[in-house]
Undergrad: 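To start, I am sharing the structure in question, which I have written as structure tokens.
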Amino acid sequence: MSIYEQLGVRPLINAVGPATRIGGMRLDPEVLTAMREASQDFVRIDELQEAAGRVIAEATGAEAGYVTAGAAAGVMLATAACMTGTDPVLINRLPEREGMPYEVVIQRTQRYDYDHAVRAAGATLVEVGYPDLVFGYEVEAAINERTAAGLYFPVHTRPEVPLEEFVAIAHRHGVPVIVDAALEVPPVENLRAFIAAGADVVVFSGGKAIAGPQASGIVCGRADLIRAIALHHQDMDVRPQTWTYRHLIETGILAGPPHHGIGRALKVGKEEIAGLVVALQRYLGRDHAADQQRWRSTLDRIAGELEPGDGVRTEFRSGRGTVPTLAVHLDRETVGRSAYAILAELQDGDPRIFVNEEQAWQETLVINPIALRDGEDELVARALALVLQPAKRRTHATTY
Ligand SMILES: *Cc1c(COP(=O)(O)O)cnc(C)c1O
């Protein structure tokens with residue numbers, strides 16, 4: 001009996017992509033092996049993080065790297081690091097923020113649902129510009145002595161201040177820039193692109209296309225900020241006399257170790273760190289062109305099963321090495337039901353099928369192939385064709 005059978009929880013087919021609410025991605029056997037091996041022996045987590053950090057630094061071109069409990073955790077930790085630096089007194093103080101900068105500048109075009117992680121660190125978001133247009137001088141005018149960081153979320157859909165300019169403005173005032181690149185891989189080149197563009201801390205999700213443990217993430221960037229992240233994050237039930245980093249105290253860099261920080265609630269275990277490292281290495285070694293082809297043929301097979309007469313029009317979407325998707329536009333008249341009704345029926349069917357609902361408000365279903373395994377494309381196509389059919393008959397019935 002599988003664990004899900006034991007628990008009485010029915011599995012589903014994931015045509016949404018790496019969404020946390022339905023379990024993210026499948027883990028590769030080699031990632032699982034690394035996690036199992038890691039679980040059987042004890043190590044100092046700070047040493048393991050440093051070793052993982054070297055792999056991440058190598059992969060990203062950054063000075064240093066770190067494994068977090070996801071990209072959202074990474075954004076929160078990066079924000080905290082920008083507020084306090086490595087000062088243990090300030091680290092202990094968060095989320096109260098006397099004596100430290102606490103504003104994080106964000107373009108209004110880039111407000112998004114994960115920026116709560118910035119506020120969760122104790123910071124206040126300062127929005128600049130209009131919802132559809134931002135100018136550089138507005139970013140500049142928002143920076144003052146309370147500014148801890150700028151947050152950049154690459155949305156690619158609206159005219160705004162590009163990253164290079166955003167970084168240049170922030171750096172003119174000594175302000176670091178955090179990039180939330182959680183969803184920016186693939187393309188694999190983006191592992192390096194934001195660091196190359198001058199960002200100070202870049203955050204990636206480990207549990208999306210990189211296919212690391214679901215609750216893992218990557219931060220990379222300036223060594224001093226990564227060190228501050230470690231201080232906020234690690235289990236600090238340590239004594240200065242025996243602490244791994246006691247040389248920092250001896251050389252006067254730190255007054256002493258901080259206590260448990262705001263990031264202690266976001267811990268990662270040795271298993272996640274090991275799994276993330278192996279997933280990242282495997283991701284770097286993938287044949288990315290072959291991935292693109294496989295995704296495209298998966299979508300081709302699904303599109304091939306859908307008849308235009310069913311009241312659907314399909315459209316392939318792809319761009320710049322991202323995961324291609326299939327948009328299924330529904331004709332409300334022919335289908336006789338809303339996209340939301342179709343989605344609900346697919347979710348409750350047997351097998352349960354989940355497709356992306358972000359555009360359901362426009363009567364469009366979006367199919368993402370990244371989490372589909374062989375054979376599931378057929379099930380998705382058949383289920384879609386089936387849920388559209390009875391609606392067609394029902395429409396006829398009401399006509400007579
Ligand atoms: C998915 C996502 C996150 C959260 O990533 P986790 O690894 O699940 O914490 C944060 N920001 C953006 C833009 C995302 O797409």
Side-chain angles (χ1 to χ4, degrees), residues 14 16-27 31 35 52 56 59-60 65-81 104 106-121 123 125 149-158 160 163 166 177-187 190-191 193-194 197 199 201-221 229 232-233 262-263 265-269 271-273 275-277 279-280 283 319-323 325 354 356-359 366 368 370-371:
N14 176 1
V16 175
T20 297
R21 64 190 173 282
I22 53 170
M25 295 277 281
R26 277 193 189 84
L27 298 191
V31 173
M35 294 178 79
I56 292 169
T60 58
Y66 198 81
V67 181
T68 63
V75 171
M76 182 174 159
L77 287 165
T79 304
V104 174
I106 185 169
Q107 303 186 58
R108 194 166 266 117
T109 48
Q110 298 188 348
R111 283 301 307 270
Y112 69 121
D113 40 6
Y114 289 99
D115 65 28
H116 199 146
V118 171
R119 294 188 289 127
L125 283 165
L151 176 68
Y152 193 94
F153 168 50
V155 280
H156 312 298
T157 52
R158 300 179 199 101
E160 56 208 336
L163 179 60
F166 192 78
V177 171
I178 303 166
V179 175
D180 182 349
L183 202 52
E184 299 304 305
V185 180
N190 275 357
L191 282 171
F194 303 102
V201 191
V202 182
V203 177
F204 299 97
S205 190
K208 291 182 178 167
I210 293 168
Q214 180 44 205
S216 72
I218 293 172
V219 293
C220 59
I229 284 174
H232 275 287
H233 183 241
I262 198 165
L266 310 171
K267 81 174 182 185
V268 289
E271 298 80 8
E272 285 82 27
I273 299 171
L276 185 276
V277 166
L280 178 60
Y283 181 72
R320 304 178 308 107
T322 57
V323 181
T325 56
F354 281 61
N356 193 308
E357 60 188 354
E358 271 171 30
Q359 280 191 280
V366 179
N368 180 318
I370 193 171

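First listed ligand is number 1; within each ligand, the first listed atom is number 1.
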Undergrad: What protein heavy atom sits nearest atom 12 (C) of ligand 1, and how far off is it?
TA: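 In this structure, atom 12 (C) of ligand 1 has A182 CB, 3.3 Å as its nearest protein heavy atom.
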
Undergrad: Is there a heavy atom in Q214 that sits closer than 4.0 Å to ligand 1?
TA: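 Q214: no contact with ligand 1 (<4.0 Å).
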
Undergrad: Can you find a heavy atom in the side chain of V323 that is under 4.5 Å from one in the side chain of P186?
TA: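 A side-chain contact exists here, since the closest heavy-atom pair is under 4.5 Å.
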
Undergrad: Of all the atoms in ligand 1, which lie at a distance below 4.0 Å from a heavy atom belonging to T20?
TA: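 Atoms satisfying the 4.0 Å criterion: 8 (O).
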
Undergrad: Can you spot which of V75, T68, L77 makes a side chain to side chain contact (heavy atoms under 4.5 Å, CB included) with V203?
TA: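 Exactly one candidate clears the test, V75.
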
Undergrad: Out of all atoms in ligand 1, which are within 4.0 Å of some heavy atom of G70? Include the element for each.
TA: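 Going through ligand 1 atom by atom, the ones under 4.0 Å from G70 are 7 (O), 9 (O).
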
Undergrad: What orientation do H233 and Y66 show, parallel under 30°, tilted 30 to 60°, or perpendicular over 60°?
TA: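 Because their plane-to-plane angle is over 60°, the rings of H233 and Y66 count as perpendicular.
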
Undergrad: If you measure every N/O of Y114 against every N/O of ligand 1, is any gap under 3.5 Å?
TA: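 Among all N and O atoms of Y114, none is under 3.5 Å from an N or O of ligand 1.
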
Undergrad: Where do A73 and L266 come nearest, in terms of heavy atoms and distance?
TA: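 Between these two residues, the closest heavy atoms are CB-CD1, 3.9 Å.
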
Undergrad: Give the residue, atom name and distance (to 0.1 Å) of the protein heavy atom nearest atom 6 (P) of ligand 1.
TA: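 Residue, atom and distance for the closest contact: A71 N, 3.3 Å.
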
Undergrad: How far is atom 11 (N) of ligand 1 from the closest protein heavy atom, and which atom is that?
TA: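 Among all protein heavy atoms, the one nearest atom 11 (N) of ligand 1 is D180 OD2, 2.7 Å.
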
Undergrad: For ligand 1, which atoms have a heavy atom of S205 less than 4.0 angstrom away?
TA: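 It comes down to these atoms of ligand 1: 5 (O), 6 (P), 7 (O).
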
Undergrad: Of the options I210, V67, V277, V202, which is the one that meets I218 in a side chain to side chain contact (heavy atoms under 4.5 Å, CB included)?
TA: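 Going through I210, V67, V277, V202 one by one, the side chain to side chain contact (heavy atoms under 4.5 Å, CB included) with I218 is satisfied by I210 alone.
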
Undergrad: I want to know if ligand 1 touches K208 in the polar sense, i.e. an N/O pair below 3.5 angstrom.
TA: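 N/O-N/O distance below 3.5 Å exists for this pair.
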
Undergrad: Any atoms of ligand 1 less than 4.0 Å from a non-hydrogen atom of L183? List them with their elements.
TA: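 Within the 4.0 Å cut-off of L183, ligand 1 contributes 15 (O).
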
Undergrad: Below 4.0 angstrom from a heavy atom of A72, which ligand 1 atoms are there? Numbered from 1 as shown, please.
TA: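 Here the atoms of ligand 1 in question are 4 (C), 5 (O), 6 (P), 9 (O).
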
Undergrad: Could you report the tightest heavy-atom contact between A78 and V201, atom names first, then the distance?
TA: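 Residues A78 and V201, closest heavy atoms: CB-CG1, 3.9 Å.
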
Undergrad: Test your reading of the structure: does A73 have an N or O sitting under 3.5 Å from an N or O of ligand 1?
TA: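 So ligand 1 has no N or O lying under 3.5 Å from an N or O of A73.
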
Undergrad: Any idea which atoms of ligand 1 are less than 4.0 Å away from a heavy-atom of F153?
TA: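 Counting from 1, the qualifying ligand atoms are 13 (C).
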
Undergrad: Which heavy-atom pair separates P213 from E272 by the least distance, and what is that distance?
TA: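 Taking every non-hydrogen atom into account, CG-O, 3.7 Å.
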
Undergrad: Using a strict 4.0 Å cut-off to heavy atoms of Y112, name the atoms of ligand 1 that fall inside it.
TA: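 Those of ligand 1 that fall under 4.0 Å from Y112 are 11 (N), 13 (C).
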
Undergrad: Between L151, I262, V104, D115, which is the residue that forms a side chain to side chain contact (heavy atoms under 4.5 Å, CB included) with T79?
TA: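 With T79 as partner, side chain to side chain contact (heavy atoms under 4.5 Å, CB included) holds for just one option, V104.
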
Undergrad: For a side chain to side chain contact (heavy atoms under 4.5 Å, CB included) with V155, tell me which candidate from R111, E160, Q107 qualifies.
TA: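 Going through R111, E160, Q107 one by one, the side chain to side chain contact (heavy atoms under 4.5 Å, CB included) with V155 is satisfied by E160 alone.
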
